[in-house]
Every structure is written in C-alpha cells, then in structure tokens.
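Below, each value reflects all heavy atoms present in this structure, side chains not excepted, and no hydrogens, waters or symmetry copies. Chain A is the first sequence line, chain B the second, and so forth, proteins listed ahead of strands; every chain is numbered from 1.
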Amino acid sequence: MKIAVSASGKNLDSMLDPRMGRCECFLLIDSDTMDFQVLENGAVNASGGAGIQAAQTLLDAQVEAVITGNVGPNAWEILEAAGVKVYRSNITTVEKVFQAWKAGELEVINQAGPAHGGLRARQGWK
Amino acid sequence: MIISVLSGKGGTGKTLISVNLASALDNAEYLDCDVEEPNGFIFLKPEIVGREAVKIKNPVIDVDKCLACGQCVKACQYNALALVKGKVITFPKICHSCGTCLLVCPAEAIGEQDREIGIIEKGLNGSLTCYQGKLNVGEPIAVPIIKQLKKKINPERNVILDCPPGSSCSVVNSIEGSHYCLLVTEPTPFGFHDLQIAVSLVRQMDIPFGIVLNKSQAGRNIIVDYCQKEKINLLGAIPFSQEIAKIYSEGNLLVTQGHYWKCFFADLAYRIQEVRG
C-alpha cells in the first residue's frame, strides 16, 4: 500500500508538514517495504486552489492513504470522492508518523477541516 | 473626469474623502468599488432606484461527452477542476471564468452556466447619481462586480471611484482608466508603508496622482517629508479631530456641517483639475 505524508523535507527524518495543500513535498512510503520516494508538491506556490492541486497530484500518484495535519474543504471533496483514507498526525519526524500509522494510533479524518488551515495555525487563529 | 480614491492601508479615510468630494462637485457620479464592504451610501443616503445581478460564467461538464482525459484539469491556471475516478469535479468559487477549459476540451464536453455572485445598486440623491457593488458573502472574487460597476461610468460627468483598500487585483481594476488618483493616507508607519505601495502602483500605471493627508497631527511629519522628498502634490490635510470623528460616526457628511468643509472639498476638486491641466 502506498501512503503519502506531507513533509517539510525530503527524507524520513524530516518533520511532518501539517499543511496538505502547501506542504514542501510529499514522501510516498511503501507500507510493506518502507521504501520511500519524494513527490514534489507543485501547489506549494499556487496563487489559489493549492489543496485541489495537491490532492490531484496525490491521486495521479495512485496514493491510497494520506497523513497530514489538516485537510481543507476543497481537497477533502476530492480525496473523499476518490476513496483515499486520510489520517491526522502531530508534527514529528515522518518515520515516527509512519510507525504510529502502522501501529494504528493515528486519528482518521472523516470530515473537512477549516480552509487555509496552515495560515490559521501560523497566525494562532482558532 | 474620472477620479479614483485609494490608500493602500484601510481605514485612512477613502470613503470620507470620496463622499464629500462627490457631494461638493457639480454634475457628479459616485461609484463604491469597495464591493466587499461598500459603505458610501450610509453617508450619501440615496434613494435606491435600480438593482441588477452580477453573474459570472462557470464550466459545466457534459458527463456523456467527457472522455476523462484530464486536459481541462491540466490547463486550468486556478486549480478549479479535478479529475477523480474518471469524473471531472468543478470548484466554482475558485474559477476565474477564463474559458480555457472550454477551449482545450477535445470532446466539446464543457459548457458554461451563469452564477450570481453579487448585485449592483443605483441610487439618486438630488443631482448626484450613486452606484454600489455588493459581493455576496462567501464569494472570494470581487473583480467581476467592479468591472460591471465601471460600465456605469458616464464620461461626461465628474466620477468619483471609492476604491477598496490594498493594492491587488480589485484596486488595479478599479483605478484602471482613471484620469487622476487621490491617495488618502495618515501619518502612521503603517499608513506610510502602504502609501508607498499605492504610489508605486499608480506610477507603474502612469496615472497622475496627489495625496490627501487625513488625521493630520502637529509634529507628525512622516507624510509631509515624504511628499517633499518625492515631489508629490500634497493636496490638503484634514486634522485628527474628535469633531470630525463624531460627524463621520453619525453617518453625516462634512460638507453639510459648515462653510469651511464645503470650501475645503471644492478647493480639493479645483486643485485636482488644475494639476491635471
């Protein structure tokens, strides 16, 4: 199974990026072998619709599950329609995120969070 | 003559200047381009005589014709389309109505439908004609309302455009085609910072401009010094006064509160015409 983690760097020691649409990149991990590859996120500098573009990138890469911090309403509409499972994790290294997912410790996201979640977090908005 | 009133920073007094200038001018027309929060009508109190809807075009996919090739998704610069399990999903609020998806679709499976995003209201107060755009709450794109609003400009009249704050698309679209820009500012670091952005915008667009200093206070020379250094016309200053704040907060015009303000705004209009030549 191929799972994607939104990350702020390009190896398993990188931290999870809680923003899905505007994360630095995605790390695609094979859940059986733990082999990983980097999937660039072309939406990081999008003027708008970053969540939509990032979700499309994940679908095109045939990802079956995504681990991130928050999924906004537009990206959620796409991931839900595609049947991609979405999990929430705190900010820690991608390797720890993956281990937590494997142990079944991550919360399943089953509804959209607020739009512009990354901006909200940075500004300290609720 | 078309005069745009802008500022960069919000809350400096664009509407204060716009409504009073429009009231002091003969043969005037007032357009409230601040369509996210239009408030000029509070002061001008026109009788509403007309209303029209503002509609934009959004794509609709004919699922029987769609090949699910994803070309429309790739072509969209705004990420307003996605291809999920062989089906195209559209995001109307992200769409900028550019029509590119229609052009690239090899199966002619994309059509357009109208979607209302706001209204334009017309009002009359004596000889003053007023228009305001109102963007529906939750709609993110203001430009189509501003474009439709600007079709109401009568070039034979003295038109005042009360612009939105900032210096992005909605301001650029508001001031485009103006004969003169009036930049309203205040003597604070924040006001000064955003004023410089507004100045660089009007210079890039090559529109003649001058500055009105609002909330002027003795000893605060940040704007005056800047105007001298940059050789910008400082057309007038309005003092930081409780009296003015009270008149404004009660929804009243300065020009109806005594001879001084009537002269001030008539003088401002005269100076703009003089500067423009």
Side-chain angles (χ1 to χ4, degrees), chain A residues 2 4 6 19-23 25-26 39-66 68 70-86 109-120 123 125, chain B residues 10 36 56-61 63 66-101 104-105 110 115 117 135-145 166-173 190:
Chain A
K2 200 195 272 184
S6 59
R19 303 165 303 169
M20 198 204 89
R22 295 193 189 272
C23 65
C25 63
F26 292 101
L39 177 64
E40 298 291 344
N41 178 20
V44 66
N45 291 319
S47 59
I52 297 167
Q53 191 184 336
Q56 184 75 61
T57 303
L58 293 172
L59 294 200
D60 293 346
Q62 272 136 30
V63 163
E64 290 159 87
V66 183
T68 187
N70 178 60
V71 176
N74 292 336
W76 174 254
E77 189 178 332
I78 294 170
L79 295 174
E80 189 189 30
V84 173
K85 282 227 158 98
V86 188
I109 297 181
N110 48 27
Q111 61 178 19
H116 303 285
L119 182 70
R120 283 166 183 272
Q123 306 284 4
W125 298 339
Chain B
E36 288 182 66
I56 59 163
K57 303 268 185 213
N58 286 144
V60 264
I61 316 292
V63 288
C66 178
L67 307 172
C69 65
Q71 293 213 35
C72 54
V73 175
K74 279 200 199 81
C76 182
Q77 295 295 301
Y78 306 102
N79 300 313
L81 300 152
L83 179 63
V84 181
K85 287 189 163 177
K87 196 171 162 254
V88 175
I89 302 179
T90 62
F91 294 88
K93 286 195 176 175
I94 308 261
C95 175
H96 284 55
S97 311
C98 69
T100 304
C101 51
V104 300
C105 180
I110 306 181
R115 192 169 67 83
I117 61 162
L135 183 69
N136 288 347
V137 172
E139 287 294 338
I141 301 172
V143 171
I145 306 229
S167 49
S168 61
C169 299
S170 45
V171 176
V172 173
N173 277 277
F190 186 0

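- Contacts of A:Leu59 with chain B are made by side-chain atoms alone, with heavy-atom separations under 4.5 Å and no backbone atom involved.
- More than 12 heavy atoms of other shown residues, nucleotides or ligands fall within 6.0 angstrom of atom CD in A:Glu64.
- Per-residue counts of heavy-atom pairs under 4.5 Å with chain B were compared for A:Asp60, A:Asn74, A:Leu79; the largest is that of A:Asn74.
- Of the possible donor and acceptor atoms, one in the side chain of B:Asn79 sits under 3.5 Å from a partner among the backbone N and O of A:Gly48.
- By the 6.0 Å contact criterion, NZ on A:Lys2 is enclosed, its count of non-hydrogen atoms from other residues, nucleotides or ligands being greater than 12.
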Query raised in the report: B:Tyr78 and A:Ile52: side-chain contact (heavy atoms from CB on, under 4.5 Å), yes or no, with the steps?
Result: CA-CA 10 Å; B:Tyr78 306 102; A:Ile52 297 167; over 6 Å; no

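- With a 4.5 angstrom heavy-atom cutoff, A:Ala82 touches chain B via backbone and side-chain atoms both.
- Both the backbone and the side chain of A:Gln53 come within less than 4.5 Å of a heavy atom of chain B.
- Interface summary for chain A: among B:Ile89, B:Leu83, B:Ile94, the most heavy-atom pairs under 4.5 angstrom belong to B:Leu83.
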